[in-house]
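What follows is one structure encoded as structure tokens, with my remarks underneath.
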Amino acid sequence: MTKEKPSPLKPSRLWKAGILLAFVVFLFLFPRMSSSNYIVSIGVTFCTFACLGVSWNIIGGYAAQISWCHSSFVAIGAYTGFLLFNHFGISPWISVFAGTGISAVAALIIGSISFRLRGPFFSLCTIAFAEIMRVWLLFQKNLTQGANGLVITFKQESFVNLMFRKDDAFYYILLVMLILYMLISWLLQRSRPGYYLRAIKVDEDAAESLGIKTHRIKLFAFVLSAVMTSAVGTIYAFFLTYIDPASISSMDLATRIGTMAVVGGAGTLFGPMVGALALVPLSELANVLLGSSGSGMLLYGGLMIIVIIFRRGGIVSLFSGDGAPVPALLKKLRGKGQAKNGGDSGA
Amino acid sequence: MAAILELKDLCKSFGGVHAVNHVSFKIEKGEILGLIGPNGSGKSTCVNLISGVYKADGGDVLFEGKSVIRTSIAGRSRMGIGRTFQSPKPFTGLTVFDSVYTIAMQTRSYKEASKISGEILEQMGLSQYEKMRCEKLPIEKRKWLDMARVLVTRPRVLLLDEVMAGLNPNEIDESVALVRRVNKSGITVLFIEHVMKAVIKLCSRLVVLNDGRLLTSGDPDTVMNDPKVIAAYLGRGYHHAEND
């Protein structure tokens, strides 16, 4: 049996546990380290995008079914929360369930239709759904105020209504959600559906011919992913206090969500969180230095290209030593170099 | 003996090409039936039609007397029709153990699945590779891993699609012994193969396809000496080579 070459950066189990513990302690102490509400708001954005990345990773990472409509599930959660609160005074803690219910039904419908077909049809269906949702939100002016968007007015500090003077409370709520989502993702990895999803990702025909009900498993993963995304959408909307179709139901947001997982390491437990940890502060830095909110998207696009070409396993693969196939182009170049130097090709 | 699997007037076309053209034959319970023929004769298409990967244009597939033509691919596997693929399809990224365990856990508890996966890997001589990533296995071991994954589904009929292609003579002998062991455990085998040495050693009956049609069928001796089979598939040099 040939031994696998360990990555020089691969930490031992004890180191891993130590790093993880130190990171969790750091996350809990983070708001105490700065008096600036802006810094804490970056922490809130990190937790939000880490949660969204973990959610997307369930269908996009574990099953490799690329979804472009996760911004729509954020929008469903956000708008349901705002509308129920503004019209009926219902607490977002309750409307979270309404939003997740609607998202689950939407995911069930999209998945039922598109998962029956192989190839790019699922991705195309999600693009279509995202556009339908954005246009619908834009033109339902009586309900959503169209492009003007919806606002939540701060009345008084209230945990029930998710109204806080400082962002610390949102940070801790989303941090607890992130830990919960990581736990769900970890449990999924170790459960039957988790194993089936990884088999489907590699070879759907083989998985199906070995008895795995691929359609049902993908549908389960998509609904779970949509429900988790929608729940974050409701909480994040109350943090923002203002939502409109252009910001909350856009292709930009959908791309950002997927990028977190891809850059960090799609199909891995820590990948989406690592992606958010790298991208959210970088994006803020780019906005500050380049003075435009579009620079963040430029950064996402550039990093996505770099990862796809050079490190398909994402950042986490640097530490695990997997998922990092050398691209064909580099192999060719390397081959040419060897040939020039009289390599061992025997030619 | 009763037929466990029956193809009735099965048809499949790809555009204007009739890959399988009104083919009918039966597989008796407990036998190893060889399905042979030149490249492009429709052997793998037959396997894909039996396992449900392709939808038939016409005809029927009966498993234990019941039509499975409308049953899903996964449904057929769960009923007891197992198959391997011409090119091995390892679950890249998963270890050898995990790829068998993934399939084993479908109908068993985690503990049972773990136990049976270990046992099957031992039977297939893959125990020492348990922790290795599937994609790092040598080609012949990948074929055995494919077979190990199918065997944990407890198939009653096993469709082996060219499992011996690319193997050296020693590996072929080992594979022949393995297929025989599998058959002796009560699993009926449909054996698609070009390696005639293995076909003759293993099969009790042969079915020959040519141009998507059934050319002939019968016991190996009769079929191998059939002038139609020699002309369409084996070639005149085959018997000279055998005699040498």
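Just the heavy atoms: all of them, side chains too, but no hydrogens, waters or symmetry mates, feed the values below. In what follows, every chain begins at residue 1, and chains take the letters A, B, ... in the order their sequences are listed.
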task = Check the pair B:Thr102, A:Arg198 against side-chain contact (heavy atoms from CB on, under 4.5 Å), reporting the backbone distance first and the verdict last.
result = CA-CA 9 Å; B:Thr102 300; A:Arg198 273 173 280 168; over 6 Å; no
ask   = What heavy-atom pair brings A:Ala206 and B:Phe85 nearest, and what distance separates the two atoms?
value = CA-CE1, 3.9 Å
Options B:Ile103, B:Thr153, B:Val152, ranked by heavy-atom pairs under 4.5 Å with chain A, top entry = B:Ile103
ask   = What distance separates A:Ile200 CD1 from B:Phe91 CZ, expressed to the nearest 0.5 Å?
value = 9.0 Å
request  = Grab the two heavy atoms, one from A:Val202 and one from B:Pro90, that are nearest each other, plus how far apart they are.
outcome  = CG1-O, 3.4 Å
Pairwise distance OG1(B:Thr92) to NZ(A:Lys201) - rounded to 0.5 angstrom = 10.5 Å
ask   = Quick check: are there more than 12 heavy atoms from other residues, nucleotides or ligands sitting under 6.0 Å from CD of B:Glu135?
value = yes
request  = Rounded to the nearest 0.5 Å, what's the gap from NZ on B:Lys89 to CG on A:Asp203? Could you check?
outcome  = 4.0 Å
inquiry  = Does A:Leu183, at its CG atom, have more than 12 non-hydrogen atoms belonging to other residues, nucleotides or ligands within less than 6.0 Å?
reply    = yes
task = Taking the side chain as every heavy atom from C-beta outward, state whether A:Tyr195 and B:Met105 have any atom pair closer than 4.5 Å.
result = yes
ask   = Are there more than 12 heavy atoms of other residues, nucleotides or ligands under 6.0 Å from atom CZ of A:Arg190?
value = yes
request  = Kindly compute the distance separating NE2 (A:His215) from CD1 (B:Ile73), expressed to the nearest 0.5 Å.
outcome  = 12.5 Å
remark   = Rounding to 0.5 Å, atoms CD1 (B:Ile81) and OG (A:Ser209) come to a distance of 11.5 Å
ask   = Mind checking whether B:Gln106 and A:Arg192 have side chains closer than 4.5 Å, heavy atoms only?
value = no
request  = Check B:Arg78 against A:Gly211 and note the closest heavy-atom contact, atom names and distance.
outcome  = NE-O, 2.7 Å
query = What's the spacing between A:Arg216 CZ and B:Ser72 OG if we round to 0.5 Å?
reply = 9.5 Å
message = Testing the basics here: between B:Tyr110 and A:Ser191, what is the closest heavy-atom pair and its distance to 0.1 Å?
response = OH-CA, 3.5 Å
